[in-house]
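Quick caveat: nothing in here was measured; it's all calculated off a predicted structure. Order of listing sets the numbers, starting from 1, for every ligand and every atom in it. Every heavy atom of this structure was used, including side-chain atoms; hydrogens, water molecules and symmetry mates were not.
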Amino acid sequence: MSSTELNPTHFKNRKVTLHDMCLRDGMHPKRHQISLAEMIDVATGLDEAGVPLIEVTHGDGLGGASVNYGFPAHTDAEYLGAVVPKMKNAKISALLLPGIGTVDHLKMAADLGVSTIRVATHCTEADVSEQHIGLARQMGLDTVGFLMMAHMISAEELLQQALLMESYGANCLYCTDSAGYMLPHEVTERITLLRANLKPETELGFHGHHNLGLGVANSMAAVAAGANRIDGSAAGLGAGAGNTPLEVFAAVMDRMQADTGVNIFKLMAVAEEQIIPMMDELVRVDRDSLTLGYAGVYSSFLLFAKRAGAKYGVPSQDILLEMAKRKAIGGQEDLIEEVAMEMAKARG
Ligand SMILES: C[C@H](O)CC(=O)C(=O)O
Ligand SMILES: [Mn+2]
């Protein structure tokens, strides 16, 4: 399927599960400071709008609270304990990066009523997810393998990593465009290959970032090629230029006659009346976030680069470009300060 074929034929009556990220990926631009009241209000609004899945944790997943990633306003247990009991229909998911989150975190999240565990690794490191995926599946959870920075490897290499996660027990595999770097034909290529080679019952998902303004187009390409779960955030609240704006994607799916089960007007109201007022700065495509997408840099590096740039008197855009040159990946947040220091020194 080519991305030029994005017409209603490929969408009509397709069931598409929307997964909201503003209470997890949105924790990055909020410096992990979302209050319990905001978590409950937003999650309740999304639930009432019919969004079936909502992710809640520290921006870097369970156990992310640390010097390296930032300390949140509340613990994961406090956030999950506050939100899960308030949900009428929506299910709550938690992200877990092995090495940051542990098996104990996974058990804690399951005890608090999380239905979905998404085990995230860098796109070449699926083998570190075996224990967490295996346990989540054994516990009867909806278990997702989440391959980050998927633009850094070919479709064939991504497939090999996805096959590993599927063999560990994942019932859904994600192509994750953490840098918002991918173009629609690159999404099409990856999802098409995954669809052709994973088990027919294994679901496929796409997680986009809007750094090149392509979150919606890339998510459409993913659905057309066989994905049935799409991540996005109300008003795009997420790292970098944000995630695929969920209300926009839902409206497009409506026009394409796909079935998301979402009330788009209620979702628009959550975006407009709840999320926009919560933003510390408008999450949008600007020079730095566009640089992430253009150069293929991990979206969560944005605020780290801004802070280091201000501290060492180096343009944050230059720091981000250097991070791209070094092919830095998630987990290397501490390298940003080092790079800024070196650049300041070299520039006298
Ligand atoms: C930990 C990251 O924020 C996960 C994610 O949303 C991405 O890679 O994109
Ligand atoms: Mn993300």
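- Shown in contact with His209 at under 4.0 Å from a heavy atom are these atoms of ligand 1, numbered in order with element: 9 (O).
- Under a hydrophobic-cluster definition in which Ile, Leu, Val, Met, Phe, Trp and Tyr are linked whenever side-chain heavy atoms come within less than 4.5 Å, directly or via other members, Val103 and Val119 are assigned to the same cluster.
- In this structure, Met149 falls outside the shell of residues with a heavy atom less than 4.0 angstrom from ligand 1.
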Inset, instruction - Show your working on salt bridge (Lys or Arg N to Asp or Glu O under 4.0 Å) between Asp231 and Arg24 and close with a plain yes or no. - result: CA-CA 11 Å; Asp231 288 5; Arg24 198 281 300 162; 5.7 Å; no

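- For atom 7 (C) of ligand 1, the nearest protein heavy atom (residue, atom name, distance) is Ser178 OG, 3.5 Å.
- One finds no salt bridge joining Glu342 and Lys345 here, because no Lys/Arg side-chain nitrogen approaches an Asp/Glu carboxylate oxygen to under 4.0 Å.
- Side-chain contact of Ser66 with Asn68: a donor-acceptor pair under 3.5 Å is absent, judged by distance alone.
- Every atom of ligand 1 with a heavy atom of Gly59 under 4.0 Å away is listed here by number and element: 1 (C), 3 (O).
- Below 4.0 Å from some heavy atom of Thr176 lie the following atoms of ligand 1, by number and element: 7 (C), 8 (O), 9 (O).
- For a threshold of 3.5 Å applied to N or O pairs, the pair formed by Asp60 and ligand 1 contains no separation below that value.
- Between Asp177 and ligand 1, no N or O atom pair is found at a separation short of 3.5 Å.
- Computed with the Mn ion (ligand 2) at the centre, the His209 NE2 to His207 NE2 angle is 100°, stated to 10 degrees.
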Inset, instruction - Walk me through it: do Val283 and His210 pass the test side chain to side chain contact (heavy atoms under 4.5 Å, CB included)? - result: CA-CA 10 Å; Val283 172; His210 206 49; over 6 Å; no

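- A donor and an acceptor atom, one from each side chain of Thr291 and Asp288, are nowhere located under 3.5 Å apart.
- Under the 3.5 Å distance criterion, with hydrogens and angles disregarded, no donor-acceptor pair is assigned to the side chains of Ser299 and His28.
- Between the Mn ion (ligand 2) and His28 there is no N/O/S contact shorter than 2.8 Å.
- Counting protein heavy atoms only, atom 1 (C) of ligand 1 is closest to Tyr298 OH, 3.2 Å.
- Side-chain contact between His74 and Met39 is absent, with no heavy-atom pair separated by less than 4.5 Å.
- Distances from the Mn ion (ligand 2) to the N/O/S atoms of Asp25 are shortest for OD2.
- Glu322 and Arg326 are joined by a salt bridge, as a carboxylate oxygen and a charged side-chain nitrogen come within less than 4.0 angstrom of each other.
- Contact atoms of ligand 1 toward Met148: 4 (C), 8 (O) (distance under 4.0 Å to a heavy atom of the residue).
- Taking every heavy atom of Arg24 and a limit of under 4.0 angstrom, the matching atoms of ligand 1 come to 2 (C), 3 (O), 4 (C), 5 (C), 6 (O).
- A salt bridge is defined here as a Lys NZ or Arg NE, NH1 or NH2 lying under 4.0 Å from an Asp or Glu carboxylate O, and Asp177 with Arg190 fails to meet this definition.
- Contact atoms of ligand 1 toward His28: 3 (O) (distance under 4.0 Å to a heavy atom of the residue).
- Under 4.0 Å from ligand 1, the heavy atoms of Ser300 that appear belong solely to its side chain.
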